[in-house]
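Here is the structure we will look at, set down as structure tokens.
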Amino acid sequence: MGWENIFRRRVRVFTMAIVIYLDYKAVQQREKWTSKSGQAALWEKAHERNAKRVLNLILEMEGLWVKLGQYMSTRADVLPPAYTRLLKLLQDSLPPRPLEEVYGTIQKELGKSMDEIFSDFVNEPLATASIAQVHRATLLNGQEVVVKVQHDGIKAVILEDLKNAKSIVDWIAWAEPQYNFNPMIDEWCKEAPKELDFNHEAENTRTVAKNLGCRNQSDRNMNANRVDVLIPDVIQSTEKVLVLEYMDGIRLNDLESLEAFGVDKQKIVEEITRAYAHQIYVDGFFNGDPHPGNFLVSKEFPHRPILLDFGLTKKVSSTFKQALAKMFLSSVEGDFVALLSALAEMGLKLRVDLPEQTMEVVTVFFRATTQANESYKTRKSLADQRTKNMKAIQEKMNLDQKEMKRFNPVDAFPGDIVIFGRVLNLLRGLSATMNVHIVYMDIMRPFAESVLRGYIDKGPSVNDRWIFDSPVHSDVEAKLRQLLIELGNNDKVLGIQVCAYKDGEVIIDTAAGVLGKYDPRPVKPDSLFPVFSVTKGITSGMMHWLVDNGKLNLAENVANIWPGFGSNGKDFIKVHHVLNHTSGLHNAMTDITRENPLLMSDWDECLNHICKSVPETEPGKEQFYHYLSFGWLCGGIIEHASGKKFQEILEEAIVRPLHIEGEMYVGIPPGVESRLAALTVDTDDLRKLAGLTGRPDLPSSFQPQQIAQLATTLPPLFNTLHARRAIIPAANGHLSARALARYYAALADGGKIPPPHSSASEPVLGSHPHIPKLFSSQKAPKNRKCFGRKEVILPSIDNNPTGYEKVSSVEDFQDNSEGSSTSKDSNPRTRAEGKFFKNPKVIDEFLGVGEYENLTLPNGGFGLGFKRFSSKDGSSIAFGHSGMGGSTGFCDVTHKFSIAITLNKMSFGGVTGKIVQLVCSELNIPVPDDFLRFANEQSGSDEQLNMARPLIN
């Protein structure tokens with residue numbers, strides 16, 4: 001291509017781009033002075049006018065621009081009808097090249113004359129496309145074939161067009177920064193030239209056909225993920241000529257013929273979609289150009305799709321394929337954490353922390369198709385959603401209109417996702433063109449699941465790294481790992497951590513399995529597990545810390561601390577009633593969680609709900625487990641008694657003294673998402689639980705049947721980032737087993753800080769930064785309505801290096817206890833030998849015995865915030881707290897022993913009981929009754945008895 005021709009093409013393309021851009025800008029201005037009834041007609045005329053300009057330019061330029069036009073012609077779901085109607089002419093109906101050129105290319109490439117190759121060659125092409133044209137022919141042996149012949153000189157044209165397209169995209173990004181398509185054009189520049197080598201296409205065709213198991217005869221015994229499509233065999237190939245088996249078929253855009261042959265269009269498009277799902281998720285090798293011209297439908301029954309043209313075929317790594325599957329499934333499940341980790345794994349980096357908007361964008365990506373006649377509604381919906389998301393970003397980043405126009409929320413965009421996105425868009429356009437409705441999430445899900453299942457199902461029997469590679473601290477840990485392998489092989493464990501201390505030293509620190517059902521990354525010692533009611537044990541420790549520091553009195557009326565609390569007959573509820581689960585407010589949060597579970601994420605709303613609640617029983621008379629209300633009762637008391645935020649007290653009282661930074665949260669901050677485990681349910685346990693009768697010791701709203709129902713709804717809810725970031729002091733702890741075990745090791749020794757955790761476990765405990773943020777669940781203090789104290793509004797969190805805002809005029813109190821966190825001594829390791837409780841009888845305080853006995857209900861299951869654990873021989877003093885799903889943490893004071901178990905496959909005691917029984921038995925420590933009943937396999941009435949008392953607290 002000469003310079004004169006290059007210059008002419010460049011001028012024509014840029015001139016047309018500017019003309020169309022200015023035309024639409026002018027229409028935007030004219031719309032302001034046009035009546036609403038006339039606006040639609042104004043835009044229709046503009047679309048028709050500019051679509052004709054685009055078509056005429058493409059027909060003149062040919063080359064790469066034909067590809068662009070073909071792509072646009074398939075987007076009936078989002079483009080105005082004028083564009084798709086006119087550009088549809090580009091689907092294999094370009095003017096043919098001269099026969100002399102075609103013959104010359106064939107003879108030069110194959111090294112023989114036409115008569116030495118073919119017994120018959122049809123001069124009229126079957127189709128003419130951007131790069132080549134296709135002729136029907138018969139070989140000398142009688143086989144019918146099609147011959148694909150590359151246009152002479154097309155390589156230079158394509159390469160020049162790519163440069164021009166890149167320049168236009170750069171200009172658009174400058175003029176309209178919110179429309180930055182550079183990642184897409186960069187990937188296209190890399191992949192498009194590969195289409196110019198037909199040897200490459202031939203090899204791709206063979207590979208895809210092999211991967212899909214294509215056969216000319218329908219296989220009626222297909223497995224679930226087999227696809228029923230046809231791909232022609234490759235007969236011969238060179239760089240510019242490709243000879244393929246001839247298959248007689250109907251074009252997808254020939255709707256009349258499809259109707260005449262009785263073709264089920266819905267079934268055809270579904271099977272094409274399945275074929276692409278297989279290529280993407282199973283094979284990691286997929287055709288990147290699924291426009292209607294690259295498909296036929298076989299004429300004979302059963303009508304099957306015929307897949308053509310594998311020039312633009314993308315291969316992705318196993319890791320990227322896994323990330324694609326995880327991205328898809330996390331959007332289906334609404335799992336924000338898995339979604340963000342999937343995006344990070346594929347290299348997509350965002351400049352702003354807006355997970356809800358990210359989820360919306362990805363969900364739109366995989367949305368069900370819409371028909372062509374619904375394109376206007378689809379375009380409007382997408383535009384409205386984009387405006388909403390951009391507004392959220394603008395508010396988050398505090399940008400003005402000019403800054404927002406130039407702000408790009410994407411920091412890094414992986415090239416591999418571009419072709420993937422193009423495929424989805426082309427398939428969506430194909431569905432719209434065919435006027436069929438395709439639900440991608442239903443069709444693609446089995447294929448995506450099979451990819452991750454291939455990694456997740458590699459349990460201990462086939463995965464020698466199922467147990468995370470860390471040192472064995474003791475003989476009992478070696479035996480524990482064997483038990484975990486057995487449980488893993490029996491599909492009772494997905495991901496798990498176990499840590500134990502004996503006499504202040506670490507004897508177990510084991511992690512095993514994977515982070516989630518759709519997250520095959522390994523569980524590590526620093527992974528963070530949602531532990532539900534285990535959180536109550538941490539919240540209780542914070543309450544006792546305030547008592548120890550003189551900021552709270554166990555016998556004080558809650559209303560004296562929290563004035564707004566005293567209404568509706570709650571005047572005589574005392575702090576110890578709350579800790580002992582005898583306040584009478586056991587069902588206080590039932591209505592709010594039934595009506596809208598998301599309200600649990602609203603800290604102020606929940607505190608106000610507690611303020612308005614009415615006790616059902618007289619304080620101190622009956623003990624019912626306060627499964628949700630306990631947390632906000634304690635949370636309100638903690639904030640009013642201290643004058644500080646809940647998270648601030650958590651950090652000051654527990655996290656910093658124990659040096660467990662980054663591994664104990666109630667409401668997670670941004671930045672830890674990559675370490676989060678995702679919840680799933682042991683369905684066998686769930687079925688058993690659902691059929692059981694009631695328990696008198698539990699509230700009426702928290703009986704086994706309700707627990708079974710909760711267990712099915714909690715994983716989707718608590719896997720969302722919105723819920724994980726909420727502060728729910730009864731149920732939303734996210735922590736590692738080693739942080740929890742260290743906490744209970746300290747409690748077992750009266751608050752004495754154990755020696756530093758074993759440095760053999762990597763990363764070292766406490767090595768993560770711990771910088772909590774103020775989330776929406778804890779709003780600015782001006783929004784609090786029932787606190788009753790004079791409040792002081794301090795500067796916003798962005799100007800506050802601690803990451804907190806004060807909520808009360810109560811002056812900051814000094815913690816003078818030995819080894820506590822102070823501003824003068826912020827290095828946790830210098831406090832490692834101290835204590836964070838001064839009271840020598842603090843263990844009696846935890847248990848509600850001795851001089852604290854009158855503060856608890858006699859013979860009740862709870863002390864003051866902690867569950868009392870008894871054993872058969874009664875020789876041990878033990879306490880702690882378990883959570884729904886089986887996670888637990890407790891200590892045996894008599895034997896200076898503590899253990900913590902965190903797991904993400906929610907069961908109701910079986911796994912936890914076996915682990916506790918093994919470890920305690922090996923150490924000659926009595927097994928608490930709460931766990932002993934689950935230790936051995938049982939059936940019949942014994943099993944029913946155990947399931948009737950699931951491990952939930």
Side-chain angles (χ1 to χ4, degrees), residues 92 126-127 129 131-132 134 136-137 139 141 143-148 150 191 194-239 241-252 267-300 302-316 318 321 419-420 423 426-427 430 443-444 446-447 450-451:
D92 301 322
L126 290 171
I131 292 176
V134 179
R136 189 172 174 181
L139 298 178
N141 63 7
Q143 182 177 5
E144 291 192 81
V145 297
V146 293
V147 185
K148 183 175 181 179
Q150 189 173 122
E191 295 294 332
K194 296 177 182 177
E195 291 191 81
L196 299 170
D197 185 350
F198 288 174
N199 283 319
H200 181 75
E201 180 177 343
E203 188 57 36
N204 291 343
T205 304
R206 293 188 185 101
T207 301
V208 175
K210 181 180 178 182
N211 289 342
L212 296 182
C214 294
R215 303 182 181 184
N216 290 333
Q217 296 297 321
S218 177
D219 184 349
R220 298 185 181 275
N221 297 314
M222 296 186 300
N223 63 47
N225 286 347
R226 274 284 306 278
V227 294
D228 193 15
V229 297
L230 300 173
I231 295 177
D233 288 337
V234 176
I235 308 299
Q236 189 176 3
S237 69
T238 70
E239 184 181 357
V241 174
L242 178 62
V243 183
L244 298 167
E245 169 193 10
Y246 172 73
M247 288 186 170
D248 192 16
I250 311 162
R251 297 197 176 282
L252 283 189
K267 182 180 177 182
I268 290 297
V269 178
E270 283 182 359
E271 201 60 34
I272 289 172
T273 305
R274 293 182 77 252
Y276 272 84
H278 194 295
Q279 291 175 65
I280 292 166
Y281 296 117
V282 179
D283 309 324
F285 188 79
F286 55 92
N287 181 2
D289 199 20
H291 68 79
N294 286 342
F295 298 102
L296 299 173
V297 179
S298 61
K299 291 182 178 179
E300 71 279 3
H303 307 291
R304 287 182 282 171
I306 301 172
L307 278 55
L308 308 172
D309 193 349
F310 294 90
L312 180 60
T313 305
K314 183 70 179 176
K315 181 175 179 61
V316 296
S318 177
K321 178 178 71 173
I419 303 298
F420 171 73
V423 166
L426 282 167
L427 288 174
L430 176 65
I443 294 177
M444 290 187 164
F447 296 94
S450 70
V451 174

- Side chains of H278 and N211, donor plus acceptor under 3.5 Å: no
- Note on the structure: What one should report as the nearest heavy-atom pair of P290 and L427 is CB-CD2, 4.2 Å
- Verify the distance criterion only: is there a donor paired with an acceptor across the side chains of N199 and S237 at less than 3.5 Å? yes
- Please report the shortest heavy-atom distance between N287 and D309, naming the atom on each side. ND2-O, 3.0 Å
- Query: Cationic tip of K148 within the cone over F198's six-membered ring, i.e. under 6.0 Å and within 45° of the normal?
  - Reply: yes
- Output, in order, the C-alpha distance, side-chain angles, deciding distance and verdict of side chain to side chain contact (heavy atoms under 4.5 Å, CB included) for L244 and I235. CA-CA 5 Å; L244 298 167; I235 308 299; 5.6 Å; no
- Message: Run the side chain to side chain contact (heavy atoms under 4.5 Å, CB included) test on L296 and I250 for me, step by step, so that the C-alpha distance in whole Å, both residues' side-chain angles and the decisive distance to 0.1 Å come before the verdict.
- Response: CA-CA 5 Å; L296 299 173; I250 311 162; over 6 Å; no
- Message: Between I272 and L252, is the side chain to side chain contact (heavy atoms under 4.5 Å, CB included) condition met? List the steps.
- Response: CA-CA 11 Å; I272 289 172; L252 283 189; 4.1 Å; yes
- Task: Decide yes or no for V297 and R304: does some side-chain heavy atom of the first lie under 4.5 Å from some side-chain heavy atom of the second?
- Result: no
- Message: Under a 3.5 Å distance rule, please check whether R206 uses its side chain to pair with a backbone N or O of D233 as donor and acceptor.
- Response: no
- Query: Under the side chain to side chain contact (heavy atoms under 4.5 Å, CB included) criterion, do S298 and D248 qualify, and how do the steps go?
  - Reply: CA-CA 6 Å; S298 61; D248 192 16; over 6 Å; no
- Item | Closest approach of E245 to P232 (non-hydrogen atoms, all atoms of both residues) | O-CB, 3.4 Å
- Minimum heavy-atom separation for Y281 to F447, with atom names? CB-O, 3.8 Å
- Query: Below 4.5 Å, heavy atoms only, C-beta onward: do L230 and L307 meet side chain to side chain?
  - Reply: no
- Query: What's the shortest heavy-atom distance between E270 and I443, and which atoms?
  - Reply: CG-CD1, 3.8 Å
- Message: Could you measure the distance from the CE atom of M444 to the CD1 atom of I280? Nearest 0.5 Å is fine.
- Response: 5.0 Å
- Note on the structure: Between I268 and H303 the two heavy atoms that sit nearest each other are CD1-O, 3.6 Å
- E239 side chain to D197 backbone, donor-acceptor under 3.5 Å: no
- Rounded to the nearest 0.5 Å, the OG1 atom of T205 sits from the CG atom of L308 at a distance of 9.0 Å
- Query: Quick one: are V147 and V145 in side-chain contact, heavy atoms under 4.5 Å?
  - Reply: yes
- Side-chain heavy atoms of Q150 within contact of I131, under 4.5 Å: yes
- Message: With heavy-atom distances below 4.5 Å as the criterion, would you say the side chains of F285 and N204 are in contact?
- Response: yes
- Geometric cation-pi criterion, R136 with Y246: 6.0 Å, 45°: yes
- Task: Decide yes or no for Y276 and V423: does some side-chain heavy atom of the first lie under 4.5 Å from some side-chain heavy atom of the second?
- Result: yes
- Message: Can you list everything that forms a ring-ring contact (aromatic ring centres under 6.0 Å, His included) with H200? Sequence neighbours excluded, please.
- Response: none
- Does the side chain of F310 come within less than 4.5 Å of I231's, by heavy atoms? yes
- Item | Gap between atom CG of L139 and atom CD of Q236 - 0.5 Å precision | 8.5 Å
- Would one find more than 12 heavy atoms of other residues, nucleotides or ligands at under 6.0 Å from atom NZ of K194? yes
- Query: Taking C-beta and beyond as the side chain, do I306 and M247 meet within less than 4.5 Å on heavy atoms?
  - Reply: yes
